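To keep things clear, I will list the structure first and then write my remarks on it.
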Amino acid sequence: MFIGIAVFALAGIITTQALWVNDALGLREELFKQRVKVALKSVSTQILDSQIDSTAKYILSPCDTIDFGNKPVSEVIDARQLDSLLIFELRCMEIADSYTYGVFNERDSSFVMGTYEGHEEDLLASVHRVSLTCIYKRDVYYLSLLFPLEERMMLHQMIMLIIMTLLFLSILSFSFYMVVKLMFRQKKLSQIKTDFVNNMTHEFKTPIATISLSSEMLLKPEVNSFPYKTKRYAQVIFDENARLQKQVDQVLQLSVLEKGEYTLKMKDIDLHRIIRRMAAHFTVMVQKKGGMISTELEASIHQVRADKTHLSNIISNLLDNAVKYSPEKPEITIRTRNERNRIIITVSDNGIGISPENQKEVFRKLYRVPTGNLHDVKGFGLGLYYVKTMVEAHQGHVRLTSELNKGTTFIVELPVIK
């Protein structure tokens, strides 16, 4: 609602400003026409004054004309005088732009003097004209002016106004866009954090409830009479406590990654050995779901300078992600190959895939891809954020390709030891 009102107000401001600039331009044009008209009137008056003596000035009224007999208009009006008067009067009106002029007969559209060559049609249609009837009555002659750069001249006179208007409107529009973008971003972040807190609460409640129940069972006297029950409940408490500790470590890891306070213990590592070990670790889990993990380790150079723990966690997170989002019979393939001085690791699955709009977000912290009806996917949205951070800390890059309902492939590039 608020955004709609703001958009409407912004559109109103832009429209109002555009109309105002258009009106200002129209006023400029009208003022220019009036100034040219005054100049032309002054020119015709001065020509008339030059054709009559002082006595005739008192005899003739302003509406009278002079009879020059059969003289052509070119002999009545001096072309040099006309040219000089036009220059002087236009300069007085502060019109210094280039112009073309001509004196023409309205009946047959013939020109008798001026600089009209090549501009005849434009001069005949020009709004800048004055009648010469008061000077020469035998035919209807007009003095017409044409300014080829008139539109450019109008824009030039208003260029600063237009630039300032566009500048401030651009700043206003950009500021509005950034505010709206920030609002949506904050709303999205708020939703992500809310989901994170809800998910974390749920993840913590399960092991806590299990530990509480097992502890309660151990406190019962009849349970102590059966050592195998005591051992079983103790094992449950131990396992759930380890699970809870792992979840707490994941949450604490977020702060460490954000601040960049982690340290890397760099050593020469055989990446293929890490991949085989992590694949074997996940094989049991995948086989329980009726799937399989295959490896195609074709890289001839697979020695990397890396932190063994973080490198193992990178592969583990990618495999864990592939298992989570492949609900039925996962088929996971890990491949390696060399390109120049780098090793390319790809982890492919046949899972639910990731939509294009979510692919840009998956590496953000706390972000979890919506899974539709698949509600048993656990996690805090930290796995891929951790992968991206650690891969880049090892001077590498990570990206993905995916298609909905066909699977996802994560591609990790790391420098190798030559």
Side-chain angles (χ1 to χ4, degrees), residues 253 257 260 262-326 329-354 356 358-364 369 379 382-404 406-418:
Q253 191 180 64
L257 292 176
Y262 53 84
T263 56
L264 300 177
K265 299 178 181 179
M266 308 298 279
K267 297 180 180 179
D268 292 353
I269 305 294
D270 185 344
L271 181 58
H272 282 181
R273 181 177 297 177
I274 298 289
I275 292 174
R276 291 190 184 97
R277 180 162 60 84
M278 299 312 301
H281 176 76
F282 278 88
T283 295
V284 176
M285 186 189 307
V286 173
Q287 287 178 345
K288 284 183 179 180
K289 299 177 73 172
M292 62 175 293
I293 295 180
S294 59
T295 58
E296 299 176 9
L297 310 181
E298 300 176 355
S300 56
I301 305 175
H302 43 84
Q303 292 287 329
V304 295
R305 186 77 176 171
D307 184 299
K308 184 177 180 181
T309 301
H310 287 299
L311 187 59
S312 299
N313 288 340
I314 289 171
I315 304 301
S316 175
N317 276 307
L318 292 177
L319 289 173
D320 183 59
N321 197 75
V323 174
K324 281 181 181 178
Y325 294 97
S326 299
K329 297 182 179 180
E331 294 182 7
I332 302 170
T333 304
I334 310 172
R335 299 180 177 90
T336 64
R337 68 179 189 276
N338 288 121
E339 285 186 7
R340 298 180 182 177
N341 60 338
R342 305 177 79 81
I343 185 169
I344 313 298
I345 310 108
T346 61
V347 179
S348 305
D349 63 60
N350 64 333
I352 60 176
I354 305 172
N358 288 319
Q359 290 180 25
K360 298 180 290 185
E361 308 287 342
V362 293
F363 293 109
R364 288 177 56 186
V369 177
L382 299 176
L384 293 178
Y385 173 66
Y386 170 84
V387 169
K388 183 177 186 294
T389 304
M390 285 297 105
V391 168
E392 291 179 350
H394 285 79
Q395 311 302 315
H397 303 283
V398 61
R399 64 184 189 278
L400 67 90
T401 59
S402 184
E403 190 173 347
L404 283 175
K406 291 187 178 181
T408 302
T409 298
F410 284 92
I411 304 104
V412 176
E413 298 182 23
L414 293 172
V416 295
I417 301 173
K418 295 183 180 180

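Values in this document were obtained by computation on a predicted structure and should not be read as measured data. The first residue in the sequence is number 1, and the count goes up from there.
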Is it true that, when you exclude Met292 itself, more than 12 heavy atoms of the residues, nucleotides or ligands shown sit nearer than 6.0 Å to its CE?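 Counting other residues, nucleotides and ligands, CE of Met292 stays at 12 neighbours or fewer.
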Salt bridge (Lys or Arg N to Asp or Glu O under 4.0 Å) pairs, two or more places apart, involving residues 339-353: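 Passing the test, one end in residues 339-353: Arg337-Glu339, Arg342-Glu413.
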Salt bridge (Lys or Arg N to Asp or Glu O under 4.0 Å) contacts in which one or both residues fall within residues 286-307, not counting sequence neighbours: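 As it turns out, the salt bridge (Lys or Arg N to Asp or Glu O under 4.0 Å) pairs with a partner in residues 286-307, which skip direct neighbours, are Asp268-Arg305, Glu296-Arg335.
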side-chain contact (heavy atoms from CB on, under 4.5 Å) with Arg277: which residues, sequence neighbours excluded?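 Scan of Arg277 (side-chain contact (heavy atoms from CB on, under 4.5 Å), adjacent residues dropped) gives Ile274, Lys308, Ser312.
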Sequence neighbours left out, what passes side-chain contact (heavy atoms from CB on, under 4.5 Å) with Gln359? Give chain and number order.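 Testing Gln359 for side-chain contact (heavy atoms from CB on, under 4.5 Å), a comparison that skips the adjacent residues, returns Ile354, Leu400, Ser402.
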Value rounded to 0.5 Å, distance of CD1 in Ile334 from CZ in Arg276: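 One finds 10.5 Å between CD1 of Ile334 and CZ of Arg276.
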Once you round to the nearest 0.5 Å, how far does OG1 of Thr309 lie from NZ of Lys267?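 Going from OG1 on Thr309 over to NZ on Lys267, the span is 8.5 Å.
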With a 4.5 Å limit on heavy-atom distance, are the side chains of Leu384 and Leu318 in contact?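 Touching, per the 4.5 Å side-chain cut-off.
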Between Ile343 and Ile301, is there a side-chain heavy-atom distance shorter than 4.5 Å?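 Not in contact.
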Not counting sequence neighbours, list each pair that qualifies as a ring-ring contact (aromatic ring centres under 6.0 Å, His included) and has a residue in residues 271-307.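 Qualifying pairs: His272-His302.
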Any residue meeting side-chain hydrogen bond (donor to acceptor under 3.5 Å, both in side chains) with Thr401, in chain and number order, not counting sequence neighbours: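 Once residues adjacent in sequence are excluded, Thr401 has no partner under the side-chain hydrogen bond (donor to acceptor under 3.5 Å, both in side chains) criterion.
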When you measure from the side chain of Asn321 to the backbone N and O of Asn317, does any donor-acceptor pair fall under 3.5 Å?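 No, Asn321 side chain to Asn317 backbone: no donor-acceptor pair under 3.5 Å.
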